[in-house]
Amino acid sequence: MLINGFLRRGFCTAVARPWLFVGLGNPGDKYKGTRHNQVGFEMIDAFAESQGISMNTVHCKATFGQGFVGDAPVLLAKPQTYMNLSGESTGPLAAYYKLPLNRVLVFHDDLGLPCGVLRLRHNGGHGGHNGLKSVMNNFRGNREFARLRIGIGRPPGQMDPKAFLLQKFNAIARERIDTALQEGVEVLKLLLSKGLTESSRHFNTIQKYKHIRLQNMPA
């Protein structure tokens, strides 16, 4: 079994402790391509494809894959519990691999960032995001896990945020998200080689200027 093979290679030793990347979303065609429910999944898929990692296993209620990026081991997961119960998969996965929370990185949509803007953070609250709230609850309130925030923009005018979140991306927004996914892949590779602090410092500076450029542009 692949998992046992990785354990034999030192997958969870102190020398080569893996990162767990978790993309939040909702399973099923009903939610495919929507703002709230798919960008976390899409980030996992983009990274997996870029590294040739197969997402063909079910583990701890998640679609799961594992591999190496250079010498760095990485675990990839898309919880299939639905967004509001994401912690029921994320918590058991971290526990199974005996990972400290500083080796967990959660990808999630963020209304507070313009569409296509990313932020890499060391920790934080849930900001009203039900998926993050569930993850934190399953970590017993601990918020010391990293996040890759994926901006989806705010609803226009007086539009109901819930309706906005369930909309599919228009052509402009889709293009911005596709660009952001590739930027995300690059910073994730940097994180695995250089660590969170160094990768986030440089990346967030670039994304800050992107934020300024896009904040008043419709998508």
Do the side chain of R119 and the main chain of G151 share a donor and acceptor less than 3.5 angstrom apart?
-> no

Look at the side chain of S89 and the backbone N and O of C60, then say whether any donor-acceptor pair between them is shorter than 3.5 Å.
-> yes

Donor-acceptor under 3.5 Å (R35 side chain, I152 main chain) = yes

Over all atoms of both residues, closest heavy-atom pair of H108 and V39 = C-CG2, 4.5 Å

Looking at side-chain heavy atoms only, is the closest gap between F139 and T90 below 4.5 Å?
-> yes

State, with a plain yes or no, whether a side-chain heavy atom of E88 is found less than 4.5 Å away from one of Y82.
-> no

Hey, does the side chain of R147 reach the backbone of G124 with a donor-acceptor pair shorter than 3.5 angstrom?
-> yes

For residues 197-206, pull every pair meeting side chain to side chain donor-acceptor pair (under 3.5 Å), keeping only residues two or more places apart or in separate chains.
-> H122-T197

Can you check whether G87's main-chain N or O pairs, donor with acceptor, with S134's side chain at less than 3.5 Å?
-> yes

Do the ring planes of F21 and F107 sit parallel (below 30°), tilted (30 to 60°) or perpendicular (above 60°)?
-> tilted

Side-chain touch K168/R174, heavy atoms, less than 4.5 angstrom = no

Candidate pair L196 and L105, rule side chain to side chain contact (heavy atoms under 4.5 Å, CB included), full reasoning | CA-CA 10 Å; L196 179 59; L105 174 57; 5.6 Å; no

